[in-house]
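Inspection log for the structure reproduced underneath, given as structure tokens.
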Amino acid sequence: SAVVNANPVIITSGSNSPVCVNNPLTFTGAATGTATPLSYSWAGPDTYGSTGQNPVISSATLDAGGTYTLMVTDANSCGDTVTTDVVVNALPAITVASNTSPVCADITFGLNSAATGSGAIGYSWTGPNSFSATDQSPSVSSAPLAAGGIYTVVATDANNCSAAATTMATVYSLPVNTSISSNTPVCEFQSLSLLTDVTGGTPSYTYSWTGPKGFVSADEDPLVTASATTLEEGTYSLTVTDANNCTATGANTTAVTVY
């Protein structure tokens, strides 16, 4: 008499689709049959093939999207076949990741980003000094020196696929007027000089003194006059900028007395 063997029956065939490019693509297959052992064979796009029951493509490409076929064969060489469709979504493309630095410390700078992808794009920024923001193009307000460094933006599209890019921000340290003074008090007809001491920032420094009687000077320690009068008495102001065009902090005025 003839013997007719039953085919195995595939009870599970699927994947974790949809997935994003570069993410793992996992297949699941299960079957029942009386003639064991059962063997599994997967075939799909881009010449894919596997004899694993639950194989994994560790980093899916766009070419991995499409229809996959699972064949289960039992010990009698009887088989069952089923297909499953897989979707692999492209990543968003970040077209802009930049910033408006360099800036001097305590000045605000901006972060800029733009991306294309499926549907609405969400943005997430992280950076130095515990910075974080979800605006597309946020600002770093009154940036301290610690705000300089690498900022990362992650763009996520409607398929929950993400791409990242970085931009380097530079924050310059400020010079500091550690002292500003003069040889005051002086008597009339004596010489009158102004003195300053600047540290930090990036030398060389540029000096701009102003004072009574229309006094101006670009010297570090200028001679106001070799023969002072009471007209030279009053407040003298100093602005110091460094090679990065950052303005010095600290004291910037000194009072002069002429007897």
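The figures that follow rest on heavy atoms only: side chains count, while hydrogens, waters and symmetry mates do not. Everything numeric here is computed off the predicted structure, so don't read it as measured data.
Distance alone, capped at 3.5 Å, is enough to place a donor-acceptor pair between the Ser39 side chain and the Thr73 backbone. A donor-acceptor pair under 3.5 Å is formed between the side chain of Trp209 and the backbone N or O of Asp219. Proximity of a side-chain donor or acceptor of Asp80 to a complementary backbone N or O of Ile10 within less than 3.5 Å is detected. Side chain of Thr184 to main chain of Thr257: a donor-acceptor pair is present (N/O by atom type, distance under 3.5 Å, no hydrogens or angles). For Asp74 (side chain) and Thr34 (main-chain N/O), no donor-acceptor pair under 3.5 Å exists by modelled atom type. Judged by distance alone, the side chain of Glu232 and the main-chain N or O of Val258 form no donor-acceptor pair under 3.5 Å. The main-chain N or O of Ser142 is found under 3.5 Å from a side-chain atom of Thr108 such that the two form a donor-acceptor pair. Checking side-chain atoms of Tyr40 against main-chain N and O of Ala31 turns up a donor-acceptor pair under 3.5 Å. Side-chain N or O atoms of Tyr205 include none that pairs as donor or acceptor with a backbone N or O of Gly201 at under 3.5 Å. Side-chain atoms of Asn16 do not come within 3.5 Å of backbone N or O of Leu25 as any donor-acceptor pair.
Between Pro175 and Asp242 the shortest heavy-atom distance is CD-OD2, 3.6 Å. Taking every heavy atom of both residues into account, Thr166 and Ile150 meet most closely at CB-CG2, 3.8 Å. Here the closest heavy-atom approach between residue Ala97 and residue Thr167 is recorded as O-CB, 3.6 Å. The minimum heavy-atom distance linking Ala164 with Val154 is given by the pair CB-CG2, 4.1 Å. Of all heavy-atom pairs spanning Cys161 and Leu91, the tightest one is CB-CD2, 4.0 Å. Here the closest heavy-atom approach between residue Leu70 and residue Thr12 is recorded as CD2-O, 4.2 Å.
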Let's go through Asn244 and Thr202 carefully: what are the C-alpha distance in whole Å and the side-chain angles of both, what is the deciding distance for side chain to side chain donor-acceptor pair (under 3.5 Å) to 0.1 Å, and is it a yes or a no?
CA-CA 7 Å; Asn244 292 322; Thr202 304; 3.0 Å; yes
Test Tyr123 against Thr156 for side-chain contact (heavy atoms from CB on, under 4.5 Å), laying out the working first.
CA-CA 6 Å; Tyr123 296 85; Thr156 304; over 6 Å; no
I would like to know whether Trp125 and Leu111 meet side-chain contact (heavy atoms from CB on, under 4.5 Å); could you show each step before the answer?
CA-CA 9 Å; Trp125 285 90; Leu111 299 168; 3.8 Å; yes
List the steps, then state whether side-chain contact (heavy atoms from CB on, under 4.5 Å) holds for Leu192 with Phe215.
CA-CA 12 Å; Leu192 173 61; Phe215 175 78; over 6 Å; no
What's the verdict on side-chain contact (heavy atoms from CB on, under 4.5 Å) for Asn177 and Thr249, showing C-alpha distance, side-chain angles and the deciding distance?
CA-CA 6 Å; Asn177 288 336; Thr249 62; over 6 Å; no
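For the residue pair Thr253/Ser237, the side-chain donor-acceptor check at 3.5 Å is not satisfied. Between the side chains of Asp85 and Thr67, at least one donor-acceptor pair of N or O atoms lies under 3.5 Å. Using modelled atom types and a 3.5 Å distance limit, the side chains of Thr178 and Asp197 yield a donor-acceptor pair. Between the side chains of Ser101 and Asn99, at least one donor N or O lies within less than 3.5 Å of an accepting N or O.
With values rounded to the nearest 0.5 angstrom, Ser162 atom OG is found 11.5 Å from Asn22 atom CG. Interatomic distance, OH of Tyr259 versus CD of Gln190, reported as 11.5 Å (0.5 Å rounding). Between the CG atom in Asn7 and the SG atom in Cys78 there is a gap of 5.5 Å [rounded to 0.5 Å]. Rounded to the nearest 0.5 Å, atoms OG1 (Thr225) and NZ (Lys213) are 6.5 Å apart. In this structure, Leu194 CG and Ser181 OG are separated by 8.5 Å, a value rounded to the nearest 0.5 Å. Note that CG of Leu174 is 8.0 Å distant from OG1 of Thr247, once rounded to the nearest 0.5 Å.
Put simply, the side chain of Tyr172 reaches to within 4.5 Å of the side chain of Pro102, judged on heavy atoms. The shortest side-chain heavy-atom distance between Tyr236 and Val224 falls under the 4.5 Å cut-off. A heavy-atom distance below 4.5 Å is not found between the side chains of Val19 and Asn89. Looking at heavy atoms from C-beta onward, Tyr68 lies out of side-chain contact with Ser15 at the 4.5 angstrom threshold. Residues Thr26 and Asn54 form no side-chain contact, since every pair of their non-hydrogen atoms from C-beta on lies 4.5 Å or further apart. Residues Asp221 and Thr196 meet the side-chain proximity criterion, which asks for heavy atoms closer than 4.5 Å. In this structure, the side chains of Phe131 and Thr126 stay at 4.5 Å or more apart for every pair of heavy atoms.
Screening Val240, Thr241, Thr239 against Tyr207 for a side-chain contact (heavy atoms from CB on, under 4.5 Å) leaves a single residue, Val240.
Hydrophobic cluster membership is shared by Ile107 and Leu145, with clusters built from Ile, Leu, Val, Met, Phe, Trp and Tyr side chains linked at under 4.5 angstrom. Residues Tyr48 and Leu62 share a hydrophobic cluster, clusters being chains of Ile/Leu/Val/Met/Phe/Trp/Tyr side chains in contact below 4.5 Å. Residue Val176 is not grouped with residue Leu238 when hydrophobic side chains (ILVMFWY) are merged at heavy-atom distances under 4.5 angstrom, including chains of intermediate members. Put simply, Leu38 and Met71 are part of two different groups of oily side chains (I, L, V, M, F, W, Y) that touch within less than 4.5 Å, one to the next.
Heavy atoms of other residues, nucleotides or ligands lying less than 6.0 angstrom from CG of Leu231 number more than 12.
In this structure, the ring of Phe27 has its center less than 6.0 angstrom from the ring center of Trp42.
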